[in-house]
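As the structure is a prediction and not an experimental result, all values here were calculated from the model. In what follows, every heavy atom counts, from backbone to side chain, and hydrogens, waters and symmetry copies are set aside. Within every chain, numbering begins at 1; the chains are lettered A, B, ... in the order of the sequence lines, protein sequences first and strands thereafter.
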There are 2 protein chains.
Amino acid sequence: MRKGTSEDVRRENLTAVLRALMVDGPMSRAELGRLTGRNRSTVASLVSDLAGLGLVDEHGPISDGTVGRPSHGVALSSSVAAFAVHPEVDALTVAIVGLDAQVRRKVRHEFDRIPSMVEVVHLASTVMAAMGAEESGFRISSIGVAVPGLVRTLDGLVRNAPHLQWWEEPLGRALADITSLPVHVANDAQLGALAERDYGAGRGVSHFVYLNGGASGIGGAIVAGGELLGGAHGYAGELGHTPVSGSAVVDTVGISGTLEAEVTREELLSLLGADHMDHESFEVALLANRSEAVAAAVARQQRQLAVALGTVVNVLNPERIVLGGFLASLLAYDPEGLRTALSARALGQALEGVDIVSAQLGANLLLVGAAHRALEPLVDDPASMTTTRTG
Amino acid sequence: MRKGTSEDVRRENLTAVLRALMVDGPMSRAELGRLTGRNRSTVASLVSDLAGLGLVDEHGPISDGTVGRPSHGVALSSSVAAFAVHPEVDALTVAIVGLDAQVRRKVRHEFDRIPSMVEVVHLASTVMAAMGAEESGFRISSIGVAVPGLVRTLDGLVRNAPHLQWWEEPLGRALADITSLPVHVANDAQLGALAERDYGAGRGVSHFVYLNGGASGIGGAIVAGGELLGGAHGYAGELGHTPVSGSAVVDTVGISGTLEAEVTREELLSLLGADHMDHESFEVALLANRSEAVAAAVARQQRQLAVALGTVVNVLNPERIVLGGFLASLLAYDPEGLRTALSARALGQALEGVDIVSAQLGANLLLVGAAHRALEPLVDDPASMTTTRTG
DNA sequence: GGCATTTGTTGGTCGCTGCGACGAATGTGC
DNA sequence: GCACATTCGTCGCAGCGACCAACAAATGCC
């Protein structure tokens, strides 16, 4: 519960200014005031505070050709950042991502076998130390980790990451112990949705559902009222395990007839006569192939995807559905087909006005999402920057 | 967006005091201070304001046998209330419900045929006028309406209420025009969930899903983070239309293999050899009948309910599932059976610690929910009581 | 060069909460 | 029966933060 004091107001206003800069980029104090609805003198005080905390920088007066006294530009400090860590089956990526969502450093390490949790923790901490963040002037106060699996957000316990073959691995604790930094671990799809919300297909949309089709599974996340819906422990959004057919085919966790069991990239890949393919090549190849076999498979997968999307529409009433990975390819192959299939499974009124679009962000999606998750506490309480320091 | 002024703090604190009284009943000022974490003098000022607005009453000092100066009791004013309106296929109920969730007046009018929207509006407004609320000292500033169907919450347009045979009926506008009061129309299951959240099976639970089995359909609602999840337009929660089988049987809106199509009270009723039955008799009769036919039907319906609940658990990660109507009977018949069936459809980690319980509130559930929905703006901004008056 | 326009700055005011001190009203123990 | 501790209400004061109005600064326009 809120404390109900005037300090709350200050915190809220500092956050409002910071958010405005994050959403709409650098701007003048006057614009900041208009955008946030605060008084000029209030904004002056807020910006001065934020500059003192090192969260924003003020540039000299910029004459933009208009009348009136030129205004000083305010921009997010380029040194405030977080570490982003992303373990996959065949690689580990570590990055430094700024408050402005710019990826400043990025190190990718390939594995020849599936890494253990301990290996990931060691390698990640080694890489982070070797990056010399402090020497390069970065001020990093936390770590965000994107894991392909079920994560208990409270303490970063990885409950079940089938592709990594991790079960009940205390990743958050281990990483926090070795780095002495706060660690925020979350499901990869949720962090992807967070990034799309702020910088991609979810901008300005307060209710949307994100569904991502990866090489070995389907992840999902829900944004409701502008906030990521985590549920009781952070497991919400597992739309890959919703039923789409009465078939007995089971998915990776043993549930039958689910979206993840029925709609697979593998099937399409084999029909295209390929083994491995990155996403771009896959989409190009798929869209170019209009053979009967491929068309039939796409149509079937679309119908089954539509069943899951029907559930989404009926249960969550989103304004938009964002599809990533090969699900976006499935959409691109025949947008009308998917929409038609969906209209047979969704309440007409709930389906009205629902956009179905492709995800917009590319390779750095999860790094941005993870880092921003880690930076969230700072944004929500900018004054905490005083005490929270690297080390 | 918040304005960011000290008045916000005041509003928030007034709301905190009011909510404490709503949740935990009458108490002393000192207790109020401890519970809300505010200073004694602040609470004094807040209570004084609320009393001035007529929202709370202060009683004389109560000596509770303990040492120290006896404290004055603070209680919600019994005169602050809202109208609750509940149209059904065979009846219309109008009630006056207080801020303390007490149903003070209740009028039920039976129909011999399905009423039209115009009839309901006329009858409801006539009944409300005849109740003489103002003469009886009630201060009523709004109307809450519970409708069995899809409602656009923005303006109270009833999009689709199949059982009432209403489509695109502007109920909210019509009722507001004739009564000159703000009207809040919402789906009945959502309002039921709201009541259960505050006074029933959802107390103290911030993530739960409510599923209600009625005579002619299944309604649902989601509470996430303590807030009702409405979605973009208020259509969210339609769990009756989620898939549970590959069967071709369609539900009332024409979607095949859904929970509402497969799990019906009718089937059980006919197996019990009855036509009509109120809920209590139905549950008694069902639980008493352990014949093979009934047991088999219950088991099948449990399995299909479990598929829908699996979706709920995987997608929303609730702490609790609250079942009402005949779905509660289905649970009571064989609690273990339902749980077992669910464990085959839900992610183990997400299912951990999930309670499956029966709804606690009885006949007045929807009236309380509707009225509290209507009172919500007042609770969120108690100072608005000054200007908002009946008439 | 004067004028309108826009922005930055400063001092004053107002509203709200917290704090400390004091009085009021009770129970407790001798 | 009386002093004491305990708890609650009240009052004045201080601190914080936002708004407001007035003024200064820096530009474009005529």
Side-chain angles (χ1 to χ4, degrees), chain A residues 1-18 20 26-53 56-74 381-383 386, chain B residues 1-18 20 26-53 56-74 381-383 386:
Chain A
M1 187 182 288
R2 280 266 184 55
K3 252 196 76 186
T5 167
S6 60
E7 286 166 23
D8 289 324
V9 178
R10 188 62 168 183
R11 180 159 43 77
E12 209 164 317
N13 287 345
L14 287 171
T15 299
V17 169
L18 218 48
M27 66 184 88
S28 74
R29 286 195 193 180
E31 285 173 285
L32 223 32
R34 278 190 294 266
L35 209 69
T36 62
R38 272 77 177 177
N39 193 282
R40 279 213 310 277
S41 50
T42 305
V43 172
S45 165
L46 293 168
V47 168
S48 157
D49 266 25
L50 290 174
L53 293 165
V56 305
D57 293 324
E58 291 191 86
H59 304 104
I62 307 170
S63 84
D64 54 343
T66 174
V67 298
R69 175 174 176 171
S71 153
H72 294 246
V74 182
D381 184 9
T386 330
Chain B
M1 189 181 287
R2 280 266 183 56
K3 253 196 77 188
T5 167
S6 58
E7 286 167 23
D8 289 322
V9 178
R10 187 61 167 186
R11 181 158 44 75
E12 210 164 317
N13 286 345
L14 288 170
T15 299
V17 168
L18 219 47
M27 66 184 87
S28 73
R29 285 196 193 179
E31 286 174 285
L32 223 32
R34 279 190 294 267
L35 209 70
T36 61
R38 271 76 177 179
N39 191 283
R40 280 213 310 276
S41 52
T42 306
V43 172
S45 165
L46 293 168
V47 169
S48 157
D49 266 25
L50 290 173
L53 292 165
V56 305
D57 293 323
E58 291 190 85
H59 305 103
I62 307 169
S63 84
D64 54 345
T66 174
V67 299
R69 174 172 175 172
S71 152
H72 294 246
V74 181
D381 185 9
T386 330

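No contact: A/A44 has no heavy atom under 4.0 Å from any strand.
For A/E58, the salt bridge (charged side-chain N to carboxylate O under 4.0 Å, His left out) partners at least two apart in sequence or on another chain are A/R29. Shown here are the side-chain hydrogen bond (donor to acceptor under 3.5 Å, both in side chains) partners of B/D381, two or more places apart in sequence or in another chain: there are none. Under the rule for a side chain to side chain contact (heavy atoms under 4.5 Å, CB included), the partners of A/D57 that lie at least two apart in sequence or sit in another chain are A/S77. Annotation: side-chain hydrogen bond (donor to acceptor under 3.5 Å, both in side chains) contacts of B/T15 (sequence neighbours excluded): none. Residues that satisfy the side chain to side chain contact (heavy atoms under 4.5 Å, CB included) test with B/S6, not counting sequence neighbours, are absent from this structure. For A/S48, the side-chain hydrogen bond (donor to acceptor under 3.5 Å, both in side chains) criterion is met by no residue, not counting sequence neighbours. Residues passing the side-chain hydrogen bond (donor to acceptor under 3.5 Å, both in side chains) test with A/S28, sequence neighbours excluded: A/E31, A/S71.
Rounded to an integer number of Å, the gap from B/R38 CZ to D/dT10 C1' is 20 Å. Atom CG of B/D8 is separated from atom P of C/dT17 by 11 Å (rounded to the nearest Å). Rounding to whole angstrom units, NE2 of residue A/H72 and P of C/dT9 are separated by 6 Å. Protein atom NE2 of B/H59 is 15 Å distant from nucleotide atom P of D/dG9, rounded to whole Å. Following rounding to the nearest Å, A/E31 (CD) and C/dT6 (P) show an atom-to-atom distance of 13 Å. In this structure, the CD atom of A/E58 is 13 Å from the C1' atom of C/dT9, given to the nearest Å. When rounded to the nearest whole Å, the span between CD of B/E12 and C1' of C/dG15 equals 16 Å. A/L32 has its CG atom 18 Å from the P atom of C/dT6, to the nearest Å.
The heavy-atom pair separating A/A383 from A/L53 by the smallest distance is CA-CD1, 3.9 Å.
In terms of phosphate contacts, B/N13 brings no side-chain nitrogen or oxygen within less than 4.0 Å of OP1 or OP2 of C/dC16. At the phosphate of D/dC8, OP1 or OP2 sits under 4.0 Å from a side-chain N or O atom of B/R34. The phosphate of D/dG17 (OP1 or OP2) has no side-chain N or O of B/T5 nearer than 4.0 angstrom.
Within the 4.5 Å cutoff, no side-chain heavy atoms of A/S45 are placed close to those of A/R38. Side-chain contact between B/E12 and A/D8 is absent, with no heavy atoms from C-beta onward closer than 4.5 Å. Side chains of B/L14 and B/L18 form no contact here, defined as non-hydrogen atoms less than 4.5 Å apart.
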Dot-bracket pairing map - DNA chain D, Watson-Crick plus G-U, both contacts under 3.5 Å, | cross-strand: ||||||||||||||||||||||||||||||
Output one line per pair: protein atom, nucleotide atom from nucleotides 19-21 of chain C, and distance, for all N/O pairs under 3.5 Å.
{"unit_1": "C/dC19", "atom_1": "N4", "unit_2": "B/S41", "atom_2": "OG", "d": "2.9"}

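Summarising the geometry, atom OG1 belonging to A/T36 is positioned 7.5 Å from atom CG belonging to A/L46; distances are rounded to the nearest 0.5 Å.
Each of B/S71 and B/S6 has a nearest nucleotide on DNA chain D; the 5'-most of these lies closest to B/S71.
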Encode nucleotides 23-30 of chain C as B, S and - characters from 5' to 3', where the letter depends on protein heavy atoms closer than 4.0 Å: B to the base, S only to sugar-phosphate, - to neither. BBBBSS--
